[in-house]
Amino acid sequence: MLNDQDQVLSANGCSVGPQGRVQRSSAPVDRARPDPGAGRAYLDHKRNLQAQRERRQEDSLRIAEAVDADVSRIAKASRRLRPHGHGVVGDHGVQVLNATYLVAEHRSAELHVLARILRERTGASIEVSGPWVPYSFVGEV
C-alpha cells in the first residue's frame, strides 16, 4: 500500500557491455590457399568466441539476479520489466535487468549507497532514477 512517504525508484541497471570491440584491419587480405588445418583452427576460434559470449551472458544474468535480490530487500515491492533494446541503452552494453522498486522515502539514501556498492562489487553499470509515479504498483483497472 502506498502512502505519502513512499516513492518509486527505478533501478534500470546491470548494463553489462562487451569486454572489447573487434577492430577490422585495413591491411590487404591474403587470398592465397590456406594452410592445412586452417579450417579447423577457424572453427575452433569461432567455438571459443561463442563460449566466451555464453559465459559473459551467464555472468551478466547472475549479476542481475544478485542485484535484484539485494535491492528487493530494501523495497516494499518490486517489479521486473522487459529489458530495453540496444537503442535505449546505447552501443556500450546490453541491459539484462530493468526493474522498478517501491522504496520508502527514508530508505532512498540507503538505495543509492547499495547501488554504489553493487557497482563496485560487480563491475556492472547500475542506474538509479526517480522518484517516479508508482504506475507499476497500481492494480489493473
Side-chain angles (χ1 to χ4, degrees), residues 1-32 34-141:
M1 181 60 89
L2 295 175
N3 63 45
D4 292 341
Q5 298 301 309
D6 292 337
Q7 59 182 330
V8 175
L9 296 171
S10 179
N12 298 317
C14 283
S15 297
V16 180
Q19 298 299 314
R21 299 196 184 278
V22 176
Q23 297 286 330
R24 297 232 183 248
S25 173
S26 60
V29 176
D30 183 11
R31 300 281 182 205
D35 292 332
R40 172 136 177 111
Y42 171 80
L43 290 175
D44 287 344
H45 175 72
K46 288 297 190 180
R47 284 187 193 111
N48 287 337
L49 289 176
Q50 180 64 28
Q52 288 173 4
R53 277 191 297 271
E54 289 172 2
R55 278 192 301 275
R56 280 194 309 265
Q57 177 68 13
E58 290 168 5
D59 290 345
S60 298
L61 293 174
R62 264 193 300 279
I63 290 170
E65 292 299 325
V67 167
D68 184 54
D70 287 349
V71 176
S72 292
R73 286 187 190 97
I74 66 170
K76 288 184 172 187
S78 66
R79 289 211 45 206
R80 289 182 70 163
L81 310 168
R82 179 180 300 152
H84 295 294
H86 289 281
V88 177
V89 295
D91 293 333
H92 64 278
V94 176
Q95 187 180 55
V96 294
L97 175 65
N98 181 16
T100 185
Y101 301 92
L102 183 63
V103 177
E105 187 175 9
H106 71 276
R107 297 191 85 178
S108 176
E110 184 180 354
L111 175 64
H112 288 276
V113 169
L114 177 60
R116 181 184 50 77
I117 291 168
L118 291 169
R119 278 186 214 103
E120 292 170 359
R121 186 173 76 201
T122 66
S125 170
I126 300 171
E127 299 170 12
V128 177
S129 62
W132 298 100
V133 177
Y135 293 126
S136 297
F137 302 99
V138 176
E140 305 257 338
V141 276

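With a 4.5 Å cut-off on side-chain heavy atoms, Phe137 and Thr100 count as touching. Using a 4.5 Å heavy-atom threshold, the side chains of Val71 and Ile126 count as separate. Between Val96 and Ile63, the closest side-chain pair of non-hydrogen atoms is not below 4.5 Å.
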Under the salt bridge (Lys or Arg N to Asp or Glu O under 4.0 Å) rule, what do Arg56 and Asp59 come out as? Steps first, then yes or no, please. CA-CA 5 Å; Arg56 280 194 309 265; Asp59 290 345; over 6 Å; no
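Taken from CD in Glu110 to CD1 in Ile74, the straight-line distance is 4.5 Å, to the nearest 0.5 Å. Summarising the geometry, atom CZ belonging to Arg62 is positioned 10.5 Å from atom CD belonging to Gln57; distances are rounded to the nearest 0.5 Å. To the nearest 0.5 Å, atoms CG (Leu114) and CZ (Arg119) are separated by 9.5 Å.
For Gln95 (side chain) and Pro83 (main-chain N/O), no donor-acceptor pair under 3.5 Å exists by modelled atom type.
Nearest heavy atoms, Ala104 versus Lys76: CB-CE, 4.3 Å.
Ion pairing between Asp44 and Arg47 holds under the 4.0 Å rule for side-chain N and carboxylate O.
The side chain to side chain contact (heavy atoms under 4.5 Å, CB included) test with Leu97 is passed by exactly one of Val67, Leu61, Leu81: Val67.
Under the 3.5 Å distance criterion, with hydrogens and angles disregarded, a donor-acceptor pair is assigned to the side chains of Gln50 and Arg53.
Remark: Arg73 pairs with Asp70 by the salt bridge (Lys or Arg N to Asp or Glu O under 4.0 Å) rule, at least two apart or across chains.
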